[in-house]
Protein chains: 2
Amino acid sequence: MRVTIKQIASKLGVNPSTVSRALSGKSGVSDRLREKIVREALKMGYFPDMTAMGLRKGHTKVIGVLIPDISNPFFAQAVRGMEKIFYPMGYQLILCSTEENSEREAANLRMLVSQRVEGLLSAPVDSGGNSVIYRKIHAEGIPIVFFDRLIPDLKLSSVITDNEQGIRDLMEYLHRRGHRKLGIINLRGRSFTGKVRLRSAIETAEKLGIEIRQEWIKDGNSTQSEAYEATVQMLSLESKPTAIIVNNNLMMLGTMKALRDLKINVPKDVSLVGFDDSYWNQIFDPPISCIAQDPEQMGLIAATMLLDAIFHHAKPVQTVLKAHFIERESVSVIS
Amino acid sequence: MRVTIKQIASKLGVNPSTVSRALSGKSGVSDRLREKIVREALKMGYFPDMTAMGLRKGHTKVIGVLIPDISNPFFAQAVRGMEKIFYPMGYQLILCSTEENSEREAANLRMLVSQRVEGLLSAPVDSGGNSVIYRKIHAEGIPIVFFDRLIPDLKLSSVITDNEQGIRDLMEYLHRRGHRKLGIINLRGRSFTGKVRLRSAIETAEKLGIEIRQEWIKDGNSTQSEAYEATVQMLSLESKPTAIIVNNNLMMLGTMKALRDLKINVPKDVSLVGFDDSYWNQIFDPPISCIAQDPEQMGLIAATMLLDAIFHHAKPVQTVLKAHFIERESVSVIS
DNA sequence: AGGGGATACGCAAACGTTTGCGAATGCAGG
DNA sequence: CCTGCATTCGCAAACGTTTGCGTATCCCCT
């Protein structure tokens, strides 16, 4: 059986309340007794019971984190950033991978508030689907910070990168290099990032005089295999674009594999740029030019904002991070 | 304020115990009343309080997971495998990234038992360091399953891949292709996998008549940058090995980058094989031959074993997974 | 109609903490 | 020595559930 405060108390012939005060560093207990209690607790191997503490004090030292896909290094690194903030404060992270599934997200959310998390960090799968649940949770007084993706209806805290600017940088670069026919491998579905990146690509194309035919817009979920398929399809068209934007780090893997299998040379036969810079872009042959985000930094900021909301009841803040372009060797010059 | 069972009870003029029974599907409450209670709970937006439940019932529906590095896809995928088992059972995962730091691991462990996790899944940073804590936790009755790495002293449950066999397969392949001089980029420190892989490489070398000079053994932590350094050092030696084993997926990134920067051709100038097959190996130029593990499967098995321990008090089991060799194009033939 | 068993519900204790309050003890100053 | 205040500690309630037990009610059968 597990050792409790009561056991320590009865062993020392004092009251549990005294033990509690001693161990939690509260005043009202003599130094002599306190030291004796601390020593005994150590000796008996006492671990405080957070469930009891949480019940009594109302906070649990636990934060809920929702990400769409844990095996995507982007989100993994974001979580690492959060850890960096929360670990020193003695907080634990409950991590839920929603697998890009709204119902699963909803179920996870319910579980998390049942676990009495003190705050929520979420990259929602859907830019609308679960807004009622989020709203309800917010109304319960649980602070929420969105990261990477957000739900536009809800005026909650968020930290995202400037997707519009990222796409614009990418396309202006391509334009400068003479590209006028652009294909896009996009994230399927109602995901926030997929939608805004596609939309601003189309807007920017308009502005720059770049052509994006309907059949040059392919999509897939965030996996290698679907991106592979999309790439094969696009490049088997009769008239092909001269450059392709791949809107997601994992999809870049599939695209690269497809290009290799098709024996299509980058950048000679087709140029390639990516959104997000994961481990591999710089090591591919050729190294891929892309828009780099800093997921760890993003997680860090999101965590700080959440902390602010928990402790100081800070009002919701929307943060937008600048994306920066990295030039490598995956884009040809068309004259 | 948050809605409780008591509030529902008083609103309906019944006793809290009845509400509890109704909501948890226990017998002893009429269908009519049960339905009324459920409807009211839904209307009031009731969320069960897991901390209170945990306190009263003694279990919290929470599992603790310890990994050395969340941004390593290997561990991320293992966690995904665990999620696959635990999500359908209504369990939550508390994820701790120890950052390959023993003291941090110890602190995390203490917090986790304080959170009253029902079980522990851990890839310990150290093949010995925190064994006393693990032992104590096990003595408290909290089931533990190690994965990927283990602590040999402790006869607890574990699931690891057959590192010896993996290394042997790799080296026999190199040997068949005529390689007799082998370098190793290894995981530094007292990590389980690093140690056993190096040891079995040396043993196998002995057996096959392969030479591994002391200066051909380089190490680093599990990052690109240190592997980069190690690779540069090894290849600036006067007499170089003809083939290199890279013992870790992230380190492969650094090695590849170094080779490219040094303009060393694989496999013409030096051959390369890796332990663990992450996203990128098959897309590099050339594609890298390697020993593939299945981290998701590993996580899945570890989770199942833990569940068995929790529900059926299963005795500790040691599971060893076969690794399988994937031949690609990174090894030359020496005649 | 009466008896008996099943069913439906209430009562209260318990899980391990924290905390306001009161009581006892200590000490210092007059 | 007495008053008064500060310090140290114990008492008991409270957090939101669950659950064993007791009692009242219902239904069914003879």
Side-chain angles (χ1 to χ4, degrees), chain A residues 1-38 40-41 44-62 90 111 113-118 140-141, chain B residues 1-38 40-41 44-62 90 110-111 113-118 140-142:
Chain A
M1 197 67 308
R2 149 172 215 136
V3 29
T4 80
I5 264 189
K6 280 189 192 173
Q7 297 176 19
I8 302 179
S10 75
K11 182 135 188 181
L12 260 50
V14 300
N15 191 278
S17 61
T18 308
V19 177
S20 170
R21 276 186 271 256
L23 293 178
S24 59
K26 289 243 166 58
S27 69
V29 38
S30 66
D31 291 350
R32 243 181 65 78
L33 182 55
R34 179 189 303 271
E35 200 211 355
K36 201 164 69 171
I37 289 176
V38 170
E40 184 64 25
M44 297 178 66
Y46 169 72
F47 290 96
D49 186 324
M50 285 300 188
T51 73
M53 257 175 83
L55 180 56
R56 168 68 223 223
K57 305 217 295 188
H59 51 256
T60 49
K61 292 281 195 182
V62 172
M111 287 307 291
V113 335
S114 271
Q115 296 285 356
R116 272 191 181 280
V117 294
E118 288 187 50
E140 290 241 9
Chain B
M1 194 73 303
R2 155 175 209 131
V3 28
T4 79
I5 264 189
K6 279 188 191 171
Q7 296 175 21
I8 302 178
S10 74
K11 183 134 186 183
L12 260 50
V14 299
N15 191 277
S17 61
T18 309
V19 177
S20 169
R21 276 186 271 255
L23 292 178
S24 58
K26 288 244 167 60
S27 68
V29 37
S30 67
D31 290 350
R32 243 180 66 81
L33 182 56
R34 179 189 304 271
E35 199 211 355
K36 201 161 71 173
I37 290 176
V38 169
E40 184 64 24
M44 296 179 67
Y46 169 73
F47 289 95
D49 186 324
M50 286 300 189
T51 73
M53 256 174 80
L55 179 56
R56 168 67 223 226
K57 304 217 294 190
H59 51 255
T60 50
K61 292 280 192 182
V62 172
R110 275 189 288 269
M111 288 305 292
V113 335
S114 271
Q115 296 285 356
R116 273 193 180 278
V117 295
E118 290 187 49
E140 291 241 8
I142 301 179

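In the text below, chain A, chain B and the rest are named by the order of the sequence lines, each starting its count at 1.
A distance of 8.0 Å separates OG in B:Ser30 from CD1 in B:Ile37, rounded to the nearest 0.5 Å. Distance check: B:Gln115 CD to A:Asp49 CG gives 9.0 Å after rounding to the nearest 0.5 Å. A:Leu23 CG to A:Glu40 CD: the interatomic distance, rounded to the nearest 0.5 Å, is 11.0 Å. In this structure, OG on A:Ser27 lies 8.0 Å from CZ on A:Arg34, to the nearest 0.5 angstrom. Rounded to the nearest 0.5 angstrom, A:Thr51 OG1 and B:Arg116 CZ are separated by 5.0 Å. To the nearest 0.5 angstrom, A:Tyr46 atom OH is 9.0 Å from A:Arg2 atom CZ.
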Please list, for nucleotides 11-15 of chain C, all pairs of protein and nucleotide N/O atoms separated by less than 3.5 Å.
from: C:dC11; atom 1: OP2; to: B:Asn15; atom 2: ND2; distance (Å): 3.3
from: C:dC11; atom 1: N4; to: B:Ser17; atom 2: OG; distance (Å): 3.0
from: C:dA14; atom 1: N3; to: B:Arg56; atom 2: NH1; distance (Å): 3.0
from: C:dC15; atom 1: O2; to: B:Arg56; atom 2: N; distance (Å): 3.2

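Minimum heavy-atom separation, B:Leu55 to A:Ala52: CD1-CB, 3.9 Å.
Protein atom CG of A:Leu12 is 14 Å distant from nucleotide atom C1' of D:dC9, rounded to whole Å. Put simply, CD on A:Gln7 is 10 Å from C1' on C:dG16, counting in whole angstrom units.
Taking only side-chain atoms of B:Val14, from C-beta outward, the nucleotide of C:dG10, C:dT17, D:dG16 with the closest atom is C:dG10.
The salt bridge (charged side-chain N to carboxylate O under 4.0 Å, His left out) search around B:Arg56 returns none, not counting sequence neighbours.
Within a heavy-atom distance below 4.0 Å of DNA chain C, the residues of residues 30-37 of chain B found are B:Ser30, B:Leu33.
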